[in-house]
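What follows is a single structure, written as structure tokens, with notes after it.
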Amino acid sequence: MEKFTPREWQDALISTVSKNLEEKNKIAIEAPTGSGKTSFILYLAFITGKKLIYLTRTHNEFTRLYEDNQKYFNIPALYLYGKSKLCPLKERWYDSEDDGQKNVCKGCPLKDKTIKLDLKNIRSPESFLEDIEADSTELIRQDVESKALGRDTKGNLVTIKKENVKSYCPYYSVRSNMADAQIIAMTYNYLLNPSIRFNVFHGTEGEEMIDLNECYIVFDEAHNLDSVIENFGRTLQIKTVEKAIDMLVKDFPIETYNSYDRIEANLMLENLLFNMSSTRGTDSLKLFKFSNDFASRIANLESLRTFSDEFEEKNENRPLNKRSRNYLENVYNFLYDYQRMENGSVYSTINNPEKKDLKLKLMYYDTSGYLSFLRDNSVIFMSGTMPSVDHISKVWNMENVLYLKVDSIFKNAGGLKQYHIVNGYTTLGRYRENLDDWAEMLRKYMQFAIDVYSKSDKSVLVAVPSYRILFGDTYTKTPGIGNYLPESMRANCVFENKKISYSYIEKKAKERKIIIFSVHGGKLLEGIQLVNRGKSLISDVIIAGLPLIPLDDYRKDKIKYLEKVLKRNAYNLLYYEFALIKVKQAAGRSTRSPEDTSSIWLCDDRFDEPFWQSNLLPNTK
């Protein structure tokens, strides 16, 4: 373990931050990427001895916490994963994509069996997860061999000799060890979703396990909060409704279940399917309106709930390999939540343009409702690109927040970025209507990237607004920037995709300078850290087009809703500010230490507008 030497800003702000947290104040910290936000939080925990609830958007972001903790502090830390990742009995999960199976633990003999974890053994999140999974699986195998555990006639794992069982539940073991960890890392939904928050922070008997009033709550990459909360609502696909109808017909035949409830449930599902099937889907969020007939029909969902509950009983009495997901419950839960929405609505979109797979989403307008419970807690919101003071106070409804903009107080805290507007480029939607003009523009973008690469000191990062602009669209036969990569450059380029790993990109960047093509909002621009001996391996970032959110029905409705609540214009707060955060987030990938310098090339004519001039060009830190 190395000795931790705080940077100038960390040393100067530690007492101010800790004092305000003790007074239950809220703090917003905007510190450039690479300036040491994570090590500052660990330093705070080390100095104060307080328990930290450390929240990230994804599990991948646990890694930064681990690396700094293992390097400097060795604070007992625990990483909270969900049931679907920690459950060793995968056969209990009828659908691998359904992480919300409410009865997955019902009847499991391991549910109440937990062990003490060695939290002083500072392991990476991946090792922590792999070790506990492997250990639990091996103990189950041993218990089955020794006949302490066995299978009943339906295939369920059951206890035979309780006193000899060595197996345990990894998920509940992790939860039971939270009290012993000084740092608990989890994703946003574990704290922000009210029902999940209660389950996580209370025991099986409802007793409080962790008092949030005694903790410091830290939201890392807090610029993601709005988009995460907006998507808390349930989704419903056409294929789910179709399977619910099939399930009703197969398990509850009308000859046997000839009742009002059976007929009503069938009519409700058929009507829902007709509503969805007759909707012309688009890949943007389009406001969805149920027919008047269906809207009146779902005033009473009891018939649907009745058959959902009956199916659960049938399912439990079947052999394990004959059980299936409860699609009736999925439909019921969606409609139940829809009835009770107060600050949102239902929107339609499609997953796949070729398959026309329509999906309904419950989308929320007011994110402040999910943050309101924090008003009496000690909270830090931090990011390299924090939303504005206005956004935090008006949209999040957090008043009297201490806003610390580190690079305004301490020069070059996270390196030096020089922004340059490059004219003659755009990804404006109407420009793509002419295929020849669009193809020529994409060629220009690719040539500019190659030209910058030829003169760059290190690797070049190219950030584009969407995967469609990067790779094109085979359905509409529209090309993407990637279509114009010269064969001679292929070995020196990397394109973001779901399977690509940070380690692969880092290895290539250490061997030689490369061009990395990425997408705003993708995993590379949210968390990539390409460094060698603490310094960035990226010297240039090309912002290829303005990353504006599509101004679809949802975005328009949310702006209208907040303008009514706030009694002021909310357009910039929810439209341009989102794009500004994305631009700064991408630019921040190039400076990982105070010594780094980089050039940020803003390739879109719209960057010449006053909003971008005032928010980017004066800011060259």
Side-chain angles (χ1 to χ4, degrees), residues 93-104 231-254 256-315 318 322-341 344-364 553-554:
W93 296 81
Y94 312 140
D95 188 325
S96 60
E97 295 180 359
D98 187 15
D99 196 9
Q101 288 273 352
K102 68 174 185 178
N103 291 326
V104 72
N231 286 285
F232 268 175
R234 298 182 189 272
T235 62
L236 184 67
Q237 297 183 51
I238 278 186
K239 63 181 182 182
T240 303
V241 182
E242 291 172 338
K243 288 180 179 180
I245 293 172
D246 291 343
M247 184 176 285
L248 192 67
V249 172
K250 179 183 175 183
D251 288 270
F252 307 100
I254 195 71
T256 308
Y257 295 85
N258 190 1
S259 65
Y260 170 81
D261 280 346
R262 171 62 178 80
I263 295 170
E264 182 62 21
N266 194 86
L267 288 173
M268 189 181 301
L269 292 172
E270 292 285 358
N271 202 329
L272 174 59
L273 182 61
F274 175 78
N275 272 249
M276 295 177 71
S277 301
S278 59
T279 300
R280 184 175 176 272
T282 66
D283 57 357
S284 61
L285 289 168
K286 184 176 177 61
L287 183 64
F288 183 87
K289 291 289 187 183
F290 290 117
S291 65
N292 291 335
D293 177 46
F294 184 76
S296 61
R297 191 175 292 280
I298 62 171
N300 184 358
L301 294 173
E302 283 305 306
S303 60
L304 208 56
R305 189 176 74 170
T306 296
F307 288 103
S308 173
D309 291 344
E310 283 198 38
F311 179 81
E312 282 296 320
E313 293 181 20
K314 283 174 173 275
N315 224 19
R318 288 171 175 153
K322 298 292 184 182
R323 295 173 190 170
S324 65
R325 179 178 170 183
N326 187 347
Y327 294 98
L328 292 168
E329 181 182 52
N330 294 138
V331 176
Y332 170 80
N333 287 338
F334 180 89
L335 296 176
Y336 180 87
D337 284 0
Y338 166 70
Q339 284 182 329
R340 284 153 183 78
M341 283 195 89
S345 194
V346 59
Y347 295 83
S348 65
T349 184
I350 50 175
N351 290 333
N352 187 320
E354 295 182 36
K355 294 182 180 179
K356 298 182 179 179
D357 187 10
L358 189 84
K359 177 170 65 175
L360 300 183
K361 297 181 71 174
L362 299 180
M363 302 286 292
Y364 293 96
D553 285 356
Y554 169 70

Residues Arg305, Glu329: salt bridge by 4.0 Å N-O rule: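 No, no charged N to carboxylate O under 4.0 Å.
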Separation between [atom1] of [X] and [atom2] of [Y], rounded to the nearest 0.5 Å:
X      : Y      : atom1 : atom2 : result
Met268 : Ile263 : CE    : CD1   : 13.0 Å
Gln339 : Leu335 : CD    : CG    : 7.0 Å
Lys361 : Leu285 : NZ    : CG    : 5.5 Å
Leu267 : Phe274 : CG    : CZ    : 13.5 Å
Lys286 : Leu358 : NZ    : CG    : 11.5 Å
Ile350 : Thr282 : CD1   : OG1   : 6.5 Å

Test log, rule side chain to side chain contact (heavy atoms under 4.5 Å, CB included), inputs Leu287 and Ser345: CA-CA 8 Å; Leu287 183 64; Ser345 194; 3.6 Å; yes
Exercise: identify the closest heavy-atom pair between Met341 and Met363: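 The answer is CE-O, 3.3 Å.
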Nearest heavy-atom neighbours spanning Phe307 and Tyr257: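 Heavy atoms of Phe307 and Tyr257 come nearest at CE2-CD2, 4.1 Å.
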What I want to check is whether the side chains of [X] and [Y] have a donor and an acceptor closer together than 3.5 Å.
X      : Y      : value
Arg234 : Asn330 : no
Ser308 : Asn326 : yes
Asp293 : Asn271 : yes

Sub-6.0 Å ring centroid separation between Phe252 and Phe311: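 No - the distance between ring centres of Phe252 and Phe311 does not fall below the 6.0 Å cut-off.
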Pair Phe288 and Phe290, ring centroids less than 6.0 Å apart: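 Yes: the rings meet the under 6.0 Å criterion.
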Verdict with reasoning, Arg262 to Leu248, per side chain to side chain contact (heavy atoms under 4.5 Å, CB included): CA-CA 9 Å; Arg262 171 62 178 80; Leu248 192 67; 3.6 Å; yes
Evaluation steps, salt bridge (charged side-chain N to carboxylate O under 4.0 Å, His left out), between Glu242 and Lys239: CA-CA 5 Å; Glu242 291 172 338; Lys239 63 181 182 182; over 6 Å; no
For the side chain of [X] and the backbone of [Y], is there at least one donor-acceptor N/O pair under 3.5 Å apart?
X      : Y      : result
Asp261 : Ser303 : no
Arg323 : Asn315 : yes
Asn275 : Ser291 : yes

Geometric cation-pi criterion Arg340 and Tyr336, 6.0 Å radius, 45° cone: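 Checked: cation-pi criterion met.
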Residue pair Ile298, Tyr338: steps toward the side chain to side chain contact (heavy atoms under 4.5 Å, CB included) verdict: CA-CA 10 Å; Ile298 62 171; Tyr338 166 70; 3.9 Å; yes
